[in-house]
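Right, one structure below, let's go through it.
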Amino acid sequence: MWVLVFFDLPTETSTDRKRATRFRKDLLDDGFNMFQFSIYIRFCASRANAEVHTKRVKRALPKHGKVGVMQITDKQFGMMELFHCQKEVEKETPNQQLELF
């Protein structure tokens, strides 16, 4: 499973900028990677693990702005086509996350 978080947060005041920075830092601390400036992604080994990280995002929501959270399967994520300057980009293979029991 992949968890995608996309957001549009206000940055007009220094307080707004601090809140937006805090939210991005919380995402990074939880293992998300920046996909685009306001889109962060995280691979999860299972749907239950994806739910855990979705709940963490919900706890970190800033007071203002718009935030979307979406869960998609690895197969759906793999069907994405990426382009840079009208040229198709090779897909990066995701880092493998190991779990120890």
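Reckoned from all heavy atoms, side chains included, excluding hydrogens, waters and symmetry mates. Along the sequence shown, residues carry numbers from 1.
Counting all heavy atoms, side chain and backbone alike, T11 lies closest to R17 at O-NH1, 3.0 Å. P10 and G65 make their closest contact through CD-CA, 3.7 Å (heavy atoms, listed as atom of the first residue, atom of the second, distance). Taking all atoms of both residues into account, the shortest heavy-atom contact from F23 to P62 is CD1-CD, 3.6 Å.
The backbone N or O of D30 sits less than 3.5 Å from a side-chain atom of R42, completing a donor-acceptor pair.
To the nearest 0.5 Å, atom CE of residue M1 and atom CD of residue E51 are 8.0 Å apart. Distance check, rounded to the nearest 0.5 Å: CG of L4 to CD of Q76 gives 10.5 Å. Between the CG atom of L27 and the CZ atom of R24 there is a distance of 9.5 Å, given to the nearest 0.5 Å. With values rounded to the nearest 0.5 angstrom, T73 atom OG1 is found 8.5 Å from R47 atom CZ. Note: K66 NZ to L9 CG = 11.5 Å, rounded to the nearest 0.5 Å.
A single hydrophobic cluster is seen to contain both V67 and L28, as judged by linkage of ILVMFWY side chains at heavy-atom distances under 4.5 Å, directly or through other members. Cluster membership for I39 and F77, using ILVMFWY side-chain heavy atoms within less than 4.5 angstrom, is shared. Both I72 and L82 sit in one connected hydrophobic cluster of ILVMFWY residues. Membership requires side-chain heavy atoms under 4.5 Å apart, directly or through other members. By the rule that hydrophobic residues join a cluster once side-chain heavy atoms approach within less than 4.5 Å of another member, F35 and V69 end up as members of separate clusters. Residues I41 and M34 do not share a hydrophobic cluster, clusters being chains of Ile/Leu/Val/Met/Phe/Trp/Tyr side chains in contact below 4.5 Å.
Put simply, the side chain of K18 does not reach to within 4.5 Å of the side chain of T21, judged on heavy atoms. Between R59 and R56 there is a side-chain heavy-atom pair separated by less than 4.5 Å.
For residues 2-14, there are no salt bridge (charged side-chain N to carboxylate O under 4.0 Å, His left out) pairs, not counting sequence neighbours.
In this structure, a donor-acceptor pair under 3.5 Å is present between the side chains of D16 and T13.
Within 6.0 Å of CZ in F37 there are 12 or fewer heavy atoms belonging to other residues, nucleotides or ligands.
Ring planes of W2 and F43: perpendicular class, angle over 60° (limits at 30 and 60°).
Two rings, from F7 and Y40, have their centers less than 6.0 Å apart.
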